[in-house]
Amino acid sequence: MNIKFQFNYLLLMCLFLTMSCDVKKTEIASASNSEIDLNTKIDSVLALLTLEEKVAMCHAQSKFSTKGVERLGIPEIWMADGPHGVRAEISWDDWAYAGWTNDSITAFPALTCLAATFNPQLSSQFGYSLGEEARYRKKDVLLGPGVNIYRTPLNGRNFEYMGEDPFLASTMVVPYIKGVQKNGVAACVKHYALNNQEHWRNIINVEVSDRALHEIYLPAFKAAVEEANVWALMGAYNKYNGQFTTHHDILTNKILKSDWNYDGVVISDWSSAHSTEEAALNGLDLEMGTGTDGLGTTTLNHYDQYYLASPFLEKLKSGDIAESVIDDKVRRILRLMYRTNMSTNRPLGRANNKEHHNVARKVATEGMVLLKNDANFFPIKDTEGLTIAVIGENATRSMTAGGGSSELKPKFEISPLEGIKARYKNATILHSMGYETGSSEYNRVNPPRLNADSLKIEAIKIAQKADVVLFVGGLNKSHLQDCEGDDRQQYALPFGQEALLEDLQKVNDNIGFVLVTGNAIEMNWLSRVKGVLQTWYLGSMAGHAIADVISGDVNPSGKLPFSFPVKLEDNAAHHFGETSYPGDGVNQYYKEDILVGYRWHDTKNIKPLFAFGYGMSYTEFELSNILLDKTSYSKEGTIEISCAVSNIGDKSGSEVVQVYIGKANSKIERALKELKGFTKVTLEKGAKKTVSISVPISKLRFYDESISDWNFEEGQYEIYIGNSSDNITKTISVTIE
Ligand code: BGC
């Protein structure tokens, strides 16, 4: 059923065309999107559809597909999760895996890692490769990327998103989407909007200022629509201003479809629709997943009961809802089809090929962030006689299993231990788990099975024998860790790892921490270790990529896409207590307003443990000769910044030059500075290069609630240039009139 052959479709279409007479035949048959106006083609198909057929196209027929129109050869639409790999086939009616044997794929690194590369070209390769895999798996819509802003380190789904800064997320998401869509597969940007926590996600009502909404939470969605021309967008579970976001008058009708002129399809999250009237009138086009609680209790034929199924049909027939309402939805769905499964020039896609593995490895190596490196702990040379003790459950645990809808079934997944063993041919590698946690299962915490004391004793034993301890720990993809469905319950390192580290340090103080998380964590233990490498969730090539960086084959160049506060209360959302996060079970108030992430740390002078944009290298860079093209600008102008970057260390490497801008003496509340530009440059040792970064002054506007529009404040601005939000090499004042 879900195998759709382009040729069959075309054949059917041609057959149909020879039989029907009043249709604009050639227009439908020759679906070459460029030649004939797409809207004319869409209208001619729309005219052939009965009301029942139109309604059937607006809701699911199975967990991940929608009905086509058999008699006309209009195909079904097939979708798959998710942001960093194409999920395995799911059963028709429930969440169980279908058990196919041809659905394993390349697991790419999760999006926090992609964001940490600060490399838009790499994001394009990531999107293109992922799109190829989706195409090969015969998917029309890929349910990703996710661009919800990182507001709290406790959000279980942060690992699926692109960090705390709207400019970074926007810059990285656009090439990803374009890359996916080059394959004739729709990207589906999610979750629109304000789904910034998993706890109470189905019920919580978010109250946020218009300014924070427009300046912080919407820009990445806006860029996806306006710059990447994304073909699909997914609503969210939560409410905003008292209305469910999936069918929201302001978010969808006004902002998305009117202000941004979005011409794609709005898809519900799985079971996020709640009313026929609102779904019909507030811009939802395609309803998915309703009637399941996520645990597979769907009843037979439930699809007919969807809000956009029989109840919708009845209202259309009675005239309560105008036919123009469904026509708009079907037009959008047909447009998506002409872009995907009804397009005649769609590439074939491919999966599990060398090039995709290379892209996955490149993103993984470029995204890892070196946080601490006392006495050049890293890189570790592979020398005869050296003994490395690899300790920690994450050295061998699969990180593609678990996590919720982004769970993957990769063809292979190189664990950190395997990668290290493959790379280190001369050194002796010892291994012990040190601690153990239960298997990852959605919505459930499974207890560990092994004896904690024995594991610890084993680990201490090998640490004693080793020259170097590599502790591979952090979080994992289990419920209440980095996982969909709920949030973390503590900021601290879980599973007794802190105590284990303390015991290990007593016998061997040459410890480096390979930190596997998708979130910031508390680091009371930081002084116990000499090095910390933040590795994220890296997918199929995880172990090889980790070994690349640990060994020095690749020089780390990742930068943090979000701040690591010292303690939870230092994070803006948590500073304001429970009404701000997680709310009272009904409402929550984003009291920090626009001061999210580093904007808060900077403005309130609360030093983070590791700042946004921070990341070390094995070499050293110097920024010099930092110049602007002018000292004063007009509002229509562009600030041109140039900066010389020198690699003054003894290894080749890459550095990210970052430009932040702030308004001095502003009349309104402002963050001290905001990221407005960056560029990554690769330099051989001893090399020097001048880079330039342009910032259009229109990007310095603020959202003015008094006029419900963007506005500009003239006067003095400060331009901060550096290599992290807390390491500014030079600040230059300019005037803008
Ligand atoms: C998630 C979405 C996902 C969908 C389908 C939902 O629970 O929030 O991100 O795409 O399920 O698996």
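Whatever order the structure lists them in is the order used to number ligands and atoms, beginning at 1.
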Self-check item: Close aromatic pair by centroid cut-off 6.0 Å: Y338 and W231
Solution: no
Quiz item: Got the residues with a heavy atom under 4.0 Å of ligand 1, by chain and number?
Solution: F64, D81, R87, W95, L143, R157, K190, H191, R201, M234, Y237, D269, W270, S405, E484
Quiz item: Would you call K182-E132 a salt bridge at under 4.0 Å N-O?
Solution: no
Quiz item: With F221, which of Y262, W260, Y192 fulfils ring pair (Phe, Tyr, Trp, His ring centres under 6.0 Å)?
Solution: Y192
Practice problem: Please state whether the rings of F412 and H357 are parallel, tilted or perpendicular, taking 30° and 60° as the class boundaries. | Solution: perpendicular
Quiz item: Does the distance from a Lys or Arg side-chain N to an Asp or Glu carboxylate O, for R201 and E198, drop under 4.0 Å?
Solution: yes
Quiz item: Does NZ or CZ of K477 lie under 6.0 Å from the centre of the six-membered ring of Y537, at an angle within 45° of the ring axis?
Solution: yes
